[in-house]
Amino acid sequence: MNIRTRLTLLFVMLVASILLLFSVTIYYLYDQFRAQEFEQRLEEKALTTARFWENVSQALPDDLPAMANEQVTIYDEQGRILYNSNKLLARFPLPSGFIRSVLQKHTQTAHLGDIEAIGVSHSNRQGDKLVIVASAFDRYGFSKLKRLREILFFGWLLCLAITGISGYLFANDALRPVSEIVAQVNTISATNIHQRLRVGRQRDELAYLARTFNDMLTRLEEAFISQKSFVSHASHELRTPLTVMMGQIEVTLLQPRSQADYEAALDGLLDEVKSMIRLVNGLLELARASADATTLNYQPVRIDELLWQAQSHIIQRKPQYEIDIDFENLPAQEEDLVIIAEESLLLTALQNLMENGCKYSPDERVTVRILFESGQVNLIISDNGYGIPRADLPHIFEPFFRSSSTMTVSGHGIGLALTRRIIELHHGQIVVESEVGRGTTFRISLPTQQQTPANRVTSFSSDRERLAGFNH
Ligand code: ADP
């Protein structure tokens, strides 16, 4: 059932219940009023008849207005009948103890079906107590009551019909902006993602919804644009070495060459292939850290062991690099060294930072300092290299960004983007400080095992899904 129908139905049901309650109350009150009024008429009739009977010892004259099925009976104290006005009618059967009750309370009512009766006590001139019982059928009262019932019922039905129609129109009007929003949203696709919903000047919930939707479109558009730029950057980075390789092969094949020339050409090609493999590996890691959330495997890892491992991996490849690892302080307990990590990813991140420090420093040297604080471990990775210009610092973690000051050194601009992603996956933080010509320092803080509640270990994967909206 759609909202429009539901709102209309609710509205009709609400009004129907209120009107029904109102009608029943009116009907009930009117019925009470009719009964009271008829009682009074019966009482008057009883007393008038008694007075006539006393004065003239005979029945009421026929010209006095009579009620339907009217009957007046006069009883003495013992319940003997002294007078009955309408002998043609069967006498109104008195409930047991009625006479006594009338004598005590002065008046008493009773009814049999539609016939209502009142008993009134009266003292005659001799001081004898009499009980006069007047009974009749309130034909006009009941017919008015029936008419009122019909009016209330048909009035109720009419009101329901009016409420239904007006409720539908009202719901339609209230929900029209929603239909408009839906129609507008349906026109937005990847080709016109820059389009926004009309918000108008209203300050209601639907305007708020449209604004929220527009904000979401803005975020999506940004992600979409950066995704596109990521793909074009990646293609460019892959095409460049391929073009270089093709050029080298074509030049080499132009004429017969000596063995040494072929070897030199193949060496050049090998360098390009290695560079491409590094780039592809970086892209794969980035994809792993950003998208495939379920494959990551978090385990307790000792941070010091991870650092030594990263150091030895780099030195194996680049023995000329110098990586110093210094412990500023030692943790009180061994558990403070342990963090919950996806080992291979965190190793990649640390290697990236260490390798960059050496790569972008003339002395090819980097220092890693480790500082333990309660619940977190801080890593300070610093070098005395070329540094990064202030204007480039805000972009340093963007994929494919390369600082103008280091263009002479080979690289693809993937490492830092990947590193930041990995640190975020581990609920850590990374900041950079740098000064051109003086060097660069990266500071990382990571929560230790104690600071990572058991439930957070499992929540890492859902966090990662959140981070998967990474701006490539
Ligand atoms: P790559 O090193 O492959 O270019 P990264 O993402 O690791 O890619 O680094 C991005 C850019 O940040 C580098 O090109 C370089 O300009 C700059 N950079 C990173 N680390 C340092 C550093 N320690 N010193 C100076 N510049 C750095």
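When a residue number appears, it is its place in the shown sequence, counting from 1. Because the structure is predicted, anything quoted here is derived from the model rather than measured. For ligands, and for the atoms within them, numbers begin at 1 and follow the listed sequence.
- F142 carries R34 over the face of its six-membered ring, with the cationic atom under 6.0 Å from the centre and within 45° of the normal.
- Look at K274 and D271 and you find no salt bridge, because none of the NZ, NE, NH1 or NH2 atoms lies under 4.0 Å from a carboxylate O.
- Among Q351, K318, E355, the single residue meeting the side-chain hydrogen bond (donor to acceptor under 3.5 Å, both in side chains) criterion with H313 is Q351.
- Residue-environment remark: CZ (F327) exceeds the threshold of 12 foreign heavy atoms within 6.0 Å.
- Around ligand 1 you find N356, G357, K359, Y360, D383, G387, I388, I396, F401, R402, S403, T406, G411, H412, G413, I414, G415, L416, T440, F442, each with a heavy-atom distance below 4.0 Å.
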Return a table of donor-acceptor pairs under 3.5 angstrom between the side chains of residues 164-171 and protein atoms on other chains or two or more places apart.
| from | atom 1 | to | atom 2 | distance (Å) |
| --- | --- | --- | --- | --- |
| S166 | OG | I162 | O | 2.8 |
| S166 | OG | T163 | O | 3.2 |

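- Aromatic ring pairs are classed by plane angle as parallel below 30°, tilted from 30° to 60° and perpendicular above 60°; the pair F397 and F442 is perpendicular.
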